[in-house]
**Student:** 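Structure provided below as structure tokens; questions to follow.
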Amino acid sequence: KDINLPESLEVIGAGAFRNCLSYNPPALPKILREIHPSAFRFCDSLSEITLPDAVNKIAVSAFAGCSNLQEVEFAAIKQVDNHAFSGCLKLNKIPIQNIENRIGIAAFKGCISLEKLCFSNTIAMIDSAAFRGCSSIKELDITSSSITFIGGAAFRDNSALEKVVLSPSVKLLKKSAFRGCVALETVDIKSEHMEIGKNVFMDCGRLFDFNFSPNCRMQIDKSAFINCPVELKLEFLIQNEAVKNLVSTKADLSDKSLDM
């Protein structure tokens, strides 16, 4: 409860404070370089933390399950590894725009208090289930990022998500990326080529507005829009000569539909 970290400390080892339910470090040493996997996992008393500038990566499950963690501060981080903040139920303030390269698998899964996402223009990857079940996020706008793909189930079951705007750099939406986003109404695609995988928008029951560039060439899996209202207009689009040449599919979609 009263462990003070020496100012000469450079590395916090794997699982160092795991399950220390009452431990809340007053401050991390300024010369700290590394925080290893599960270092603060399940530290229930941890409410806020500031990472020193020398730390350039948040390791696997480093803060996973810190159920009272509300605020994290850091200047710049190369990447956030798998499950780093998974299950941090109260996390609502973190500078995601300072993550430079990669957000790992399930990095923020189940962070139900996280409301706003803003990405750097250098980030290239949002991995599988990265923000799955983050039920307070209402809008996803990544028009200024360099993200090339969105991983499987990355935003699955985000029940408050209403609008998605994708940057021109996004070329691939992997399996179930937005599945079960029951409030999703609008998707804007700005790239010139897009591949939409299996079940990407499955069960998005309010998705009526699906927009893409006139020059966009699309490859769409046959299950991408199952149980979506957007399916109702697909037959018209496939039969429309102006659209037919822009839309290709991995299977026969003659009885399916998209909305422009």
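We're numbering straight along the sequence, starting at 1. Keep in mind that the numbers below use all heavy atoms, side chains included, and drop hydrogens, waters and symmetry copies. As the structure is a prediction and not an experimental result, all values here were calculated from the model.
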**Student:** Taking Ser146 for its side chain and Asn121 for its backbone only, find out whether a donor-acceptor pair lies under 3.5 Å.
**Tutor:** yes

**Student:** Around atom CZ of Arg206, are there more than 12 heavy atoms from other residues, nucleotides or ligands closer than 6.0 Å?
**Tutor:**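 12 or below, so no.
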
**Student:** Do Phe17 and Val60 sit in one hydrophobic cluster, given that two such residues count as connected whenever their side-chain heavy atoms are within less than 4.5 Å of each other, even indirectly?
**Tutor:**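 Unlinked, Phe17 and Val60 end up in two clusters.
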
**Student:** Taking all heavy atoms of Ile112 and all of Ser136, pick out the closest pair and write down the distance.
**Tutor:**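 Shortest heavy-atom separation between Ile112 and Ser136 comes out as O-OG, 2.5 Å.
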
**Student:** Distance check, rounded to the nearest 0.5 Å: Glu71 atom CD versus Leu91 atom CG?
**Tutor:** 9.5 Å

**Student:** Taking Asp127 for the side chain and Ile103 for the main chain, is one N or O donor matched with an acceptor at less than 3.5 Å?
**Tutor:** no

**Student:** In sequence, state the C-alpha distance, the side-chain angles, and the governing distance for Lys78 and Asn101, and then conclude on side chain to side chain donor-acceptor pair (under 3.5 Å).
**Tutor:** CA-CA 5 Å; Lys78 294 292 184 185; Asn101 294 338; 5.7 Å; no

**Student:** Rounded to the nearest 0.5 Å, what separates atom SG in Cys66 from atom CD1 in Ile49?
**Tutor:** 8.0 Å

**Student:** Where do Ser128 and Lys174 land on the side-chain contact (heavy atoms from CB on, under 4.5 Å) test, with the steps shown first?
**Tutor:** CA-CA 8 Å; Ser128 302; Lys174 289 194 172 184; 5.7 Å; no

**Student:** Establish whether Val182 and Val187 are linked, either directly or via other cluster members, by ILVMFWY side-chain heavy-atom contacts under 4.5 Å.
**Tutor:**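 No, because Val182 and Val187 fall into different hydrophobic clusters, even though each may have its own neighbours under 4.5 Å.
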
**Student:** Looking at Lys171, I want to see if its NZ is surrounded by more than 12 non-hydrogen atoms of other residues, nucleotides or ligands under 6.0 Å.
**Tutor:**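 For Lys171, atom NZ is crowded (more than 12 foreign heavy atoms under 6.0 Å).
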
**Student:** Considering residues at least two apart in sequence or located in another chain, which fulfil the salt bridge (Lys or Arg N to Asp or Glu O under 4.0 Å) criterion with Glu115?
**Tutor:** none

**Student:** Would you confirm whether Asp141, through its side chain, and Thr143, through its main-chain N or O, come within 3.5 Å as a donor-acceptor pair?
**Tutor:**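 Indeed, once roles are kept as given, a pair shorter than 3.5 Å links the two residues.
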
**Student:** For Leu117 and Phe108: C-alpha separation, side-chain torsions, deciding distance, then whether side-chain contact (heavy atoms from CB on, under 4.5 Å) applies.
**Tutor:** CA-CA 11 Å; Leu117 301 180; Phe108 295 93; over 6 Å; no

**Student:** List the atom of Ser191, the atom of Pro168, and the distance in Å for their closest heavy-atom pair.
**Tutor:** CB-O, 3.1 Å

**Student:** Please evaluate residues Asp209 and Glu185 with respect to the criterion side-chain contact (heavy atoms from CB on, under 4.5 Å), reporting the C-alpha separation (whole Å), side-chain torsions for both, the decisive distance (0.1 Å), and the verdict.
**Tutor:** CA-CA 6 Å; Asp209 191 12; Glu185 297 177 351; 5.9 Å; no

**Student:** From Ser159 OG over to Lys138 NZ, what is the distance, rounded to the nearest 0.5 angstrom?
**Tutor:**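 Ser159 OG to Lys138 NZ: 11.0 Å, rounded to 0.5 Å.
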
**Student:** If you measure from CD1 on Ile150 to CD1 on Ile196, what distance do you get to the nearest 0.5 Å?
**Tutor:**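 Output value for this atom pair is 11.0 Å.
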
**Student:** List, by chain and then residue number, the residues other than Val165 in its hydrophobic cluster (Ile/Leu/Val/Met/Phe/Trp/Tyr, side-chain heavy atoms under 4.5 Å); write none if there are no others.
**Tutor:**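 Joined to Val165, directly or through intermediates: none.
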
**Student:** Among Cys88, Cys111, Cys43, Ser45, exactly one meets side chain to side chain contact (heavy atoms under 4.5 Å, CB included) together with Leu69. Which residue is that?
**Tutor:** Cys88

**Student:** Is there a donor-acceptor contact under 3.5 Å from the side chain of Ser176 to the main chain of Gly152?
**Tutor:**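 Not confirmed, Ser176 side chain does not pair with Gly152 backbone.
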
**Student:** Count the heavy atoms of every other residue, nucleotide or ligand shown that sit under 6.0 Å from CD of Glu192, and state whether that count exceeds 12.
**Tutor:** no

**Student:** Ile58 and Leu89: same hydrophobic cluster, using ILVMFWY side-chain contacts below 4.5 Å?
**Tutor:** no

**Student:** Please tell me whether Ile123 and Leu173 are part of a single hydrophobic cluster in this structure, the criterion being side-chain heavy atoms less than 4.5 Å apart.
**Tutor:** yes

**Student:** Which heavy-atom pair separates Ala76 from Glu100 by the least distance, and what is that distance?
**Tutor:** CB-OE2, 3.5 Å

**Student:** Look only at the side chain of Asn68 and the backbone of Asp44, and say whether a donor-acceptor pair between them is shorter than 3.5 Å.
**Tutor:**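 Yes; judged by distance alone, with no hydrogens or angles, the pair exists.
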
**Student:** Test of understanding: with side chain to side chain donor-acceptor pair (under 3.5 Å), list the residues that count as partners of Glu162, not counting sequence neighbours.
**Tutor:** none

**Student:** What are the two closest non-hydrogen atoms of Ile105 and Asn82, and how far apart are they?
**Tutor:** N-OD1, 2.9 Å

**Student:** Other members of the hydrophobic cluster containing Phe42, with the 4.5 Å side-chain heavy-atom rule, please.
**Tutor:**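 Members alongside Phe42: none; it stands by itself.
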
**Student:** Can you label the angle between the Phe131 ring and the Phe119 ring as parallel, tilted or perpendicular, going by 30° and 60°?
**Tutor:**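 Because their plane-to-plane angle is over 60°, the rings of Phe131 and Phe119 count as perpendicular.
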
**Student:** Going by heavy atoms in the side chains, are Thr148 and Leu172 under 4.5 Å from each other?
**Tutor:** no

**Student:** Taking the side chain as every heavy atom from C-beta outward, state whether Ile96 and Lys116 have any pair of such atoms under 4.5 Å apart.
**Tutor:** no

**Student:** Can you say whether the rings of Phe225 and Phe210 are parallel (under 30°), tilted (30 to 60°) or perpendicular (over 60°)?
**Tutor:**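 Phe225 vs Phe210 ring planes: perpendicular.
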
**Student:** Can you list the steps and then say if Val55 with Phe74 is a side-chain contact (heavy atoms from CB on, under 4.5 Å)?
**Tutor:** CA-CA 9 Å; Val55 175; Phe74 50 78; over 6 Å; no

**Student:** Please identify each residue that fulfils side chain to side chain donor-acceptor pair (under 3.5 Å) with Ser120, with sequence neighbours left out.
**Tutor:** Thr122

**Student:** Only one of Met218, Arg217, Gln219 forms a side chain to side chain contact (heavy atoms under 4.5 Å, CB included) with Glu195, so which one is it?
**Tutor:** Gln219

**Student:** Over all heavy atoms of both residues, which pair between Ile12 and Ala39 is shortest? Give the atoms and the distance, please.
**Tutor:**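 Scanning both residues, the minimum pair turns out to be CG2-CB, 3.9 Å.
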
**Student:** Can you name the nearest heavy-atom pair linking Ala64 to His83, along with the distance?
**Tutor:**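 So the minimum-distance heavy-atom pair works out to CB-O, 3.3 Å.
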
**Student:** Using only atom types and a distance under 3.5 Å, with no angle test, would you say the side chain of Asn199 pairs donor to acceptor with the backbone of Lys175?
**Tutor:** no

**Student:** When rounded to the nearest 0.5 angstrom, what distance separates CZ in Arg179 from NZ in Lys198?
**Tutor:** 12.0 Å

**Student:** A side-chain contact here means heavy atoms from C-beta on lying under 4.5 Å apart; do Leu32 and Leu5 qualify?
**Tutor:**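 Of all side-chain heavy-atom pairs linking Leu5 with Leu32, none is under 4.5 Å.
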
**Student:** Please list all pairs passing the side-chain hydrogen bond (donor to acceptor under 3.5 Å, both in side chains) test where one or both residues lie in residues 47-66, with sequence neighbours left out.
**Tutor:**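 Every candidate side-chain hydrogen bond (donor to acceptor under 3.5 Å, both in side chains) pair involving residues 47-66 fails, so no pair, neighbours aside, qualifies.
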
**Student:** Taking Gly133's backbone N and O only, do any of them form a donor-acceptor pair with Asn158's side chain (distance below 3.5 Å, no angle check)?
**Tutor:** yes

**Student:** Give a yes or no on whether Leu46 and Val72 share a hydrophobic cluster (residues Ile, Leu, Val, Met, Phe, Trp, Tyr; joining criterion: side-chain heavy atoms under 4.5 Å apart).
**Tutor:**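 As far as the 4.5 Å side-chain criterion goes, Val72 and Leu46 are connected within one cluster.
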
**Student:** To the nearest 0.5 Å, tell me how far Leu140 CG sits from Leu161 CG.
**Tutor:** 6.5 Å

